[in-house]
Amino acid sequence: MPKIPETTAIQADPGRWKALIFIALAQLMVVLDATIVNIALPSAQQDLGISDGNRQWVITAYALAFGGLLLFGGRIADLWGRKRTFITGLIGFAAASALGGAATGEAMMLGARALQGAFGALLAPAALSLLAVTFTDAKERAKAFGIYGAIAGGGGAVGLILGGFLTEYLNWRWTFFVNIPFAIVAAVGAYLVVREPAGGRNRSPLDIPGVILSTLGLVALVYGFTRAESAGWSDAGTIGLFVGSGVLLILFVLTEYLVKNPLLPLRVVTDRNRGGVYLSLGLAVIAMFGLFLFLTYYLQVVKGYSPVKTGFAFLPMIVGMIVGSTQIGTRLMTRVPPRLLMAPGFLTAGVGMLLLTQLEVGTSYAGLILPAQLLLGLGMGTAFMPAMSLATLGVDPRDAGVASAMVNTSQQVGGAIGTALLNTIAASATTAYLADHAAGATTPDAQKLVQLQGMVEGYSAAIWWAVGILVVSAAIAAVLINTGKPGGGAVAGSGADADDEVRIPVVAH
């Protein structure tokens, strides 16, 4: 290979590390909100008179707006400017949270949750794309994405702790109000210190057909999985949603191929490395969301933990994610190819998940659940960190917002699939266990024990599926992701392919 002169580096923003604090704070707020409301839901339902049939909409309204509008939000960030979109998303999210906390009835609550999702769809891709265009040096990028990855992975568990505290000692309304100081601090800080590099906007006209088709297709897909959980997989409405989603998303792809200025340029997803990240990360999130759900129920219903104690029981996973992301992932990212972090990371998480298939009613927390969570955290933290970085590596700056939105979309859709699919598997296994054992339980104590054993049997069956999903995720990362280790120079914003960036050496002399 001929000697290639070193390219003049773009002057790094001196305030980039301060900017990271406020970007990470905003990301923490969005991730917290995904789980913090789950803890508060029973109290909110009672106070607001929400029916059992409609309570799922407190979660679903947020998920549909967030998942359906992510690609649109990413494109708005590219068009309008990431800093401006980021701050607008923060202010809107805070206002929607205030509305939710002050809700006086069901309609007001559901409207506030949908607004939270819509502004979250602006905020999340803007945050990730700001990181992508701010940190262009390989080693600095590794550190920045290590912190971001730890928050993205562990924030949900932190939400369980905070939600437990707020619900138990204050009031469910504070699970909404707590977002307001987060948003204000992040917005003021971003206004003062975030500096978006010049020339990174995509000022092409907005692809309106693409916006409509992608939004409707993603909403139908997310709602299809949500409906499957309650109405069943063979329900006509569920099947109709999946068919409709498939048709809409196929039309969306055809539209993006034909239009001059697509909402999602196909070059973003057809790159094998980015495609591998989106697919493997989405599958891993399926497994993780299922785990949060089952472990929360196991600890509260089977073991009798309070909401606060349940939240603290997730601490080992948070510690593992922080260590995996900021210590293992960050230190090795510039030394080894991403697939050698992602595939072993997903497999390590799979071993932790495998331990949890051994759950029983009397399982020791310290003996099984704690080491399983440590392995899960270490594995996911190690894998998430290079995945977040690689998802935007080599993307043209004008596509950074929509590439970031694809990461969030894969996680959001993965979460919807994970909750519905694994919950259905668990419910079927529990029903089968009770059918086989209920007749032998003749006393109230025996009946209660059989009920608990049936629940644990269901969790175990679903967790076996989660193990298999993580193995598939590791295989996809190992096979599809073939980029080498990042070099020591600039890695983002050049507009080159990721392969080119890591294969062309930077010559110092």
message = Measuring only between side-chain heavy atoms, which start at C-beta, is Arg75 closer than 4.5 Å to Leu79?
response = yes

inquiry  = I want to check a possible cation-pi pair here: Lys309 against Tyr305, using under 6.0 Å from ring centre and within 45° of the ring axis as the test.
reply    = yes

task = Measure the spacing between CD1 of Ile369 and CE of Met317 and express it to the nearest 0.5 Å.
result = 10.5 Å

remark   = Distance col, row Thr382:OG1 vs Met321:CE, nearest 0.5 angstrom, shows 10.5 Å

ask   = Of the non-hydrogen atoms in Tyr459 and Ala426, which two are nearest, and what is the gap between them?
value = N-CB, 4.3 Å

key: Main-chain N/O of Ser280 paired with Ser473 side-chain donor or acceptor, under 3.5 Å   = yes

query = How far does OG1 of Thr255 sit from CG of Leu249, to the nearest 0.5 angstrom?
reply = 11.0 Å

message = Test ring pair (Phe, Tyr, Trp, His ring centres under 6.0 Å) on Phe312 and Phe165; report intermediate values, then the result.
response = CA-CA 10 Å; Phe312 276 107; Phe165 261 111; 5.7 Å; yes

ask   = Do Leu376 and Leu356 come close enough that some side-chain heavy atom pair is under 4.5 Å?
value = yes

ask   = How about Val211 and Pro209: do any of their side-chain heavy atoms sit closer than 4.5 Å?
value = no

ask   = Taking side chain as C-beta onward, heavy atoms only, is Met380 less than 4.5 Å from Leu470?
value = yes

note = Rounded to the nearest 0.5 angstrom, the CG-CD1 distance for Leu263 and Ile208 is 9.5 Å

ask   = Side chains of Ser97 and Gln116: is there a donor and an acceptor less than 3.5 Å apart?
value = yes

query = Is the shortest heavy-atom distance from the side chain of Leu115 to the side chain of Phe93 under 4.5 Å?
reply = no

inquiry  = I'd like to know if the side chain of Arg113 reaches the main chain of Val58, judged simply by a donor and an acceptor atom lying under 3.5 Å from each other, with no hydrogens or angles considered.
reply    = yes

message = Quick check against the 3.5 Å criterion: does Glu256 have a side-chain atom that pairs as donor or acceptor with the backbone of Leu264?
response = yes

inquiry  = Looking at every non-hydrogen atom in both residues, tell me the closest pair between Leu375 and Gly352 and how far apart they are.
reply    = CB-CA, 3.8 Å

task = Find out whether Ile180 and Phe177 are in side-chain contact, i.e. whether some heavy atom of one side chain is under 4.5 Å from a heavy atom of the other.
result = yes

inquiry  = Looking only at the side chains, is there a donor atom on one of Thr424 and Trp233 sitting less than 3.5 Å from an acceptor on the other?
reply    = yes

ask   = Hey, is the main chain of Trp174 close enough, under 3.5 Å, to the side chain of Asn171 for a donor-acceptor pair?
value = no

ask   = With side chains defined as the heavy atoms from C-beta onward, is the minimum distance between Val269 and Arg274 less than 4.5 Å?
value = no

task = In sequence, state the C-alpha distance, the side-chain angles, and the governing distance for Leu48 and Thr104, and then conclude on side-chain contact (heavy atoms from CB on, under 4.5 Å).
result = CA-CA 6 Å; Leu48 299 179; Thr104 55; 5.6 Å; no

ask   = Would a distance-only check, ignoring hydrogens and angles, find a side-chain to backbone donor-acceptor pair under 3.5 Å from Gln373 to Ala313?
value = yes

ask   = What distance separates Gln447 CD from Thr443 OG1, expressed to the nearest 0.5 Å?
value = 6.5 Å

query = Any donor-acceptor pair under 3.5 Å linking the side chain of Thr88 with the backbone of Arg84?
reply = yes

request  = Go through the steps to decide whether Phe176 and Met109 satisfy the test side-chain contact (heavy atoms from CB on, under 4.5 Å), and finish with yes or no.
outcome  = CA-CA 11 Å; Phe176 287 89; Met109 168 61 77; 3.6 Å; yes

query = Is the Phe242-Phe225 ring centre distance short of 6.0 angstrom?
reply = yes

query = Where the side chain of Glu106 meets the backbone of Ile50, is there a donor-acceptor pair that is under 3.5 Å apart?
reply = no

message = Using modelled atom types and a 3.5 Å cut-off, is there a donor and acceptor pairing between side-chain atoms of Thr363 and backbone atoms of Leu359?
response = no

Least distance between heavy atoms, Val472 atom then Leu283 atom = CG1-CD1, 3.9 Å

key: Flag if over 12 foreign heavy atoms under 6.0 Å of OH, Tyr191   = no

request  = Check whether any side-chain heavy atom of Leu422 lies under 4.5 Å from a side-chain heavy atom of Ile425, and answer yes or no.
outcome  = yes

key: Test log, rule side-chain contact (heavy atoms from CB on, under 4.5 Å), inputs Leu122 and Phe72   = CA-CA 8 Å; Leu122 276 182; Phe72 180 52; over 6 Å; no

inquiry  = On a heavy-atom basis, which atom in Ile476 and which in Gly276 lie closest, and how many Å separate them?
reply    = CG2-O, 4.0 Å

task = Check the pair Phe22, Leu192 against side-chain contact (heavy atoms from CB on, under 4.5 Å), reporting the backbone distance first and the verdict last.
result = CA-CA 10 Å; Phe22 300 112; Leu192 294 174; over 6 Å; no

request  = Return the minimal non-hydrogen interatomic distance between Thr85 and Ala77, and the atom names on each side.
outcome  = OG1-CA, 3.4 Å

task = Measure the CZ-CG distance between Phe252 and Leu216 for me, rounded to the nearest 0.5 Å.
result = 11.5 Å

query = Can we call the ring centroids of Tyr62 and Phe66 under 6.0 Å apart?
reply = yes

query = Taking Ser460 for the side chain and Thr357 for the main chain, is one N or O donor matched with an acceptor at less than 3.5 Å?
reply = yes

request  = Using atom types as modelled and distance alone, determine if a side-chain donor or acceptor of Tyr278 lies under 3.5 Å from a backbone N or O of Met406.
outcome  = no

For the student: nearest non-hydrogen atoms of Gly100 and Trp172, plus distance = O-CZ3, 4.0 Å

